[in-house]
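In what follows, a single structure is set out as structure tokens and then discussed.
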Amino acid sequence: MCLKKIIANALPARHAALLRRRYRLFRQRLHRPMSEDAFRQVLTQRLGVKRGDTLFVHSSIDYLNTDLSAFRVLTVLTDVVGEEGLLLFPAWHFGGRAEDYLRDGSNVFDVKRSATVMGLLPELARRYPGAQRSIHPTSSIVAIGNRAKEVVSGHETSVYPCGESSPYCKMLKYGARIIGLGVNANFLSFIHCPEDVMARDFPCRTRTDRTFFGKVKLPDGTLIAVETLAAHENIRRRNIPAFLKKYVSKDIFRAYRIHGSEFYIADANALFGRIVELAKKKITVYNMGMRQCEN
């Protein structure tokens, strides 16, 4: 058993998370922080980002070993993809389980004003001039750049948060790629897109049977109710890194450790196809061990 599993099994979750955080910060101190030029090289040479790209960005500024401010990181990203490119960020606004949030009828998602809890970079993207935010009470996405409004529009029209009307699925039309900056594959929310598109054909229950109505305040002040499913408790029992390592080729997903920080890049279309292919064989991120997820 590896040290990570020993720590996870031996310590309470809160203490294990604190120990992991301290280790990551210690690991960073063994390396010189990245300059702006070095960060650009990671993006363009290691991750292969280029002008015109559509990128879905997961990030942690705390674990990104650089001297750059979060605002400068965002500026570099927008500069690298250019005016013809598109950046998307997860921007949901609450902690905890979506089902608990939706059960509390007093919660209101304000599309214009609700800050995201997904980190400093997505919050800066939310405030970026011309940024567009999708209308969804639990799985909102922020987009900046070319086609931003098109990709985020209509998110509220399906009960599946990551289904065909979501930005996750719409971005596939433009050959989207997913990158991780300072995070590993545990931060890869795109895995829920093929699950939601397959819906009942997916071999594991990932959504609740019951639909909920989440309150949403639109930018013009109108209050609406958006019908949506919530995540099933099954999804907590997953191992995304192990799944990717065992079943997904490096031409679809690649992970790096650079300057003490973790990075990854994934081809969204190819990953979507591979997840569907494996799901038809009843192989998912939820049954990497001996456990079988509930269906």
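A quick note: this is a predicted structure, and the numbers were derived from the prediction, not measured.
Under the 4.5 Å side-chain heavy-atom criterion for Ile, Leu, Val, Met, Phe, Trp and Tyr, Ile191 and Met118 are members of the same hydrophobic cluster. Hydrophobic clustering (ILVMFWY, side-chain heavy atoms < 4.5 Å, transitive): Phe213 and Val108 are in distinct clusters. By the rule that hydrophobic residues join a cluster once side-chain heavy atoms approach within less than 4.5 Å of another member, Phe202 and Leu244 end up as members of one cluster. Cluster annotation: Leu278 is connected to Val197 through the hydrophobic network of ILVMFWY side chains, with a link wherever side-chain heavy atoms come within less than 4.5 Å. Val111 and Val152 fall into different hydrophobic clusters, defined by Ile, Leu, Val, Met, Phe, Trp and Tyr side-chain heavy atoms under 4.5 Å apart, directly or through other members.
One finds no salt bridge joining Asp267 and Lys250 here, because no Lys/Arg side-chain nitrogen approaches an Asp/Glu carboxylate oxygen to under 4.0 Å. Ionic pairing of Asp53 and Lys50 is present here: one or more N-O contacts between side-chain nitrogen and carboxylate oxygen are shorter than 4.0 angstrom. A salt bridge links Asp79 to Arg40: one of the charged nitrogens lies within less than 4.0 Å of a carboxylate oxygen.
Tyr128 OH: 12 or fewer foreign heavy atoms inside a 6.0 Å radius. Remark: Phe71 CZ is loosely packed, at most 12 non-hydrogen atoms of other residues, nucleotides or ligands lying under 6.0 Å away. Remark: Arg210 CZ is packed, more than 12 non-hydrogen atoms of other residues, nucleotides or ligands lying under 6.0 Å away.
Cation-pi geometry between Arg46 and Phe263 is not met: the NZ or CZ atom fails to fall both under 6.0 Å from the ring centre and inside 45° of the normal.
Here the side chain of Thr54 pairs no donor or acceptor atom with the backbone of Gly175 at under 3.5 angstrom.
Ile283 has its side chain within reach of Phe243: a pair of non-hydrogen atoms, C-beta onward, lies under 4.5 Å apart. Side chains of Tyr168 and His192 form no contact here, defined as non-hydrogen atoms less than 4.5 Å apart.
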His136/Thr228 under side-chain hydrogen bond (donor to acceptor under 3.5 Å, both in side chains): CA gap, chis, key distance, verdict: CA-CA 8 Å; His136 196 279; Thr228 182; 3.2 Å; yes
- request: Please step through salt bridge (Lys or Arg N to Asp or Glu O under 4.0 Å) for the pair Glu233 and Arg236, ending with a clear verdict.
  value: CA-CA 6 Å; Glu233 61 180 6; Arg236 292 184 293 180; 3.6 Å; yes
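Ring-plane geometry between His58 and Tyr264 is classed as tilted, the angle between the planes lying from 30 to 60 degrees on a 0 to 90 degree scale.
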Name the atoms and distances for all side-chain donor-acceptor pairs under 3.5 Å in residues 83-93, with sequence neighbours left out.
from, atom 1, to, atom 2, distance (Å)
His93, NE2, Tyr101, OH, 2.8

